[in-house]
Amino acid sequence: MRLTNVAHLRLPFGRLWGYDVTVGERGAALPVSFDQGRHVGAGDRAGSWMALSFRLRGPVERDRLAAAWMTVVARHGTLRSAFSPGPGPGDTPELHAVDLTPGVWVEHEIGPGQAVNDALREVLDAACSPYRAPSHRLCVLETADGPTVVIGADHAHVDMWSMLVIVRDLLAALNPGEASPGTGTERPTVPAFAEHTRALEDRPAAPDDVRGRWAEILAACGDVMPRFPLPLGDVASEQPERVEVRDVLDVDDTAAISARARELGVSTLALVVAAMTEVTRDLAGQPLRAVFPVHSRTPTPASGATWHDSVGWFITNAVIESPDPDPQACAAAVKEAVRLGSWPLADVLAPWGGMPAAPGMFAISWLDLRRLPVRVDSVGLEAQYVGAAIRTDGVMLWFVLDDSGLHLRCRYPDTHEARRNVGGWLDALAALLRSR
């Protein structure tokens, strides 16, 4: 699946429509997860969303598309919730259920000389900000070759896995006769993300060795979250972003590196971490240290609930430290990072007053679509993961591995130093992976 952002998104020219649902009364209060509180607490702003675009094979009436969308919204509780600011300055935002019913389609005019991408970005920036109710938007570009659908949502309610669930369920609702087992047509609802947040709150506190390891890694980074190991220039304030989208390995090369990983008894991720570790050691003389998001869709022991078919922000942050490029050592570093992210973070990070973010923060995200229990025909749909356009002071690296190869997207501050250093780091990483 193509991994891109809204400035690089491949879109046809056509009429751009957005679906306005009807918003009713706010209902019961819902728990707010640690990451939701951080994200939404930063306030309403452009670029807090993620999206997925795909093409349908033939014409679809807008009313039929809207009805399918309302089926998806009815199935996933987080899409029927909305945030509001806390009662006082600095208070955690509040989250409530909200009643959503069918609404109307609104055409968004694409101005003379305006790129389709820019028009879409304006729509999603406005509709998918943290305090909108709801903070998601169904859009469609109508062309003679059929519609291109774009679904965007504020990150507080979705992750990349969730976007696949949404698309799968929308297609199942559009074509119920073609639905396969597990597409969501057999049951109207799935466990809501709010249930997951409650389950996390009920987990025991992290053991002392986990707390100690967090403290060791953060201390090595100056008591802040890990930062990119090379100079980025002046990032005391956020800078315009530079986004690089690269297809690192093709199908054959990906098969080869995956086969090599199996021979060594490690994951493909461990081999990629090994390459990043070697590049970081060679260019910066430091271990690889980074924020390392891990998913939290593990079954809940108390309820037996599983979250594979749910929509929400099922991601928690860990940190990874990898000083040794040996694949076995890197596999151990990945395993440790997953464990560090498996405990309630509000408690773990309390000694630092919450997540101690700092300019230059470096994060690495990994998603192997081949291993997910949720699948869509990304090639036939021409599906694209879409990131927003923002200003930034840190480096965020996303990897997506699918049946077409290994792809990456990297966002960093667009300074001369960051272009040279992050770009050089990416060049060296791609060259090393291809050589293997």
Main-chain N/O of P102 paired to T22 side chain as donor or acceptor, under 3.5 Å: yes
Measure centre to centre between the rings of W425 and F362, then say whether the value is under 6.0 Å. yes
Under a 3.5 Å distance rule, please check whether S135 uses its side chain to pair with a backbone N or O of Y131 as donor and acceptor. no
Any side-chain to backbone donor/acceptor pair from R80 onto V73? Under 3.5 Å, distance only. yes
Would you say V311 and I166 make side-chain contact, with heavy atoms under 4.5 Å? yes
Would you name the heavy atoms of L369 and V400 that are closest together and state the gap between them? CD1-CG1, 3.8 Å
A side-chain contact here means heavy atoms from C-beta on lying under 4.5 Å apart; do L232 and N421 qualify? no
Within-4.5 Å side-chain heavy-atom neighbours: I110 and F13: yes
If you draw a 6.0 Å radius around CD in E107, do more than 12 non-hydrogen atoms from other residues or ligands fall strictly inside? yes
Whether T392 side chain and E241 backbone form a donor-acceptor pair below 3.5 Å: no
Considering non-hydrogen atoms only, spot the tightest contact between A337 and A318 and give its length. O-CB, 3.0 Å
Check whether S378 reaches the backbone of A383 with its side chain - one donor and one acceptor, N or O, closer than 3.5 Å. no
Short side-chain donor-acceptor distance under 3.5 Å, S53 and R2: no
Verify the neighbour count for atom CZ of R10: are there more than 12 heavy atoms of other residues, nucleotides or ligands below 6.0 Å? no
Would a 4.5 Å heavy-atom cut-off, applied to side chains only, mark V379 and D377 as touching? yes
Are the side chain of T306 and the backbone N or O of H308 linked by a donor-acceptor pair below 3.5 Å? no
Contact summary for T268 and S258, nearest pair of heavy atoms: OG1-OG, 3.2 Å
Please report the shortest heavy-atom distance between A192 and W307, naming the atom on each side. O-CZ3, 3.5 Å
Between R62 (side chain only) and Y19 (backbone N and O only), is there a donor and an acceptor less than 3.5 Å apart? no
Scanning both residues in full, the closest heavy-atom pair of V235 with P413 reads CG1-CG, 3.7 Å
Kindly say whether W313 contributes a backbone atom to a donor-acceptor pair with the side chain of D159 at under 3.5 angstrom? no
Report yes or no: does W352 contribute a side-chain atom to a donor-acceptor pair with the main-chain N or O of V348 at less than 3.5 Å? no
Evaluate the criterion side-chain contact (heavy atoms from CB on, under 4.5 Å) for residue pair N317 and F34; output intermediate values, then yes/no. CA-CA 10 Å; N317 283 315; F34 176 73; over 6 Å; no
Begin from the C-alpha positions of S129 and S48 and carry the test side-chain hydrogen bond (donor to acceptor under 3.5 Å, both in side chains) through to its verdict. CA-CA 6 Å; S129 57; S48 65; 5.9 Å; no
Is the H136 ring parallel, tilted or perpendicular to the W69 ring (thresholds 30°, 60°)? perpendicular
For D154, the option from Q36, R137, H39, R132 that meets side chain to side chain donor-acceptor pair (under 3.5 Å): H39
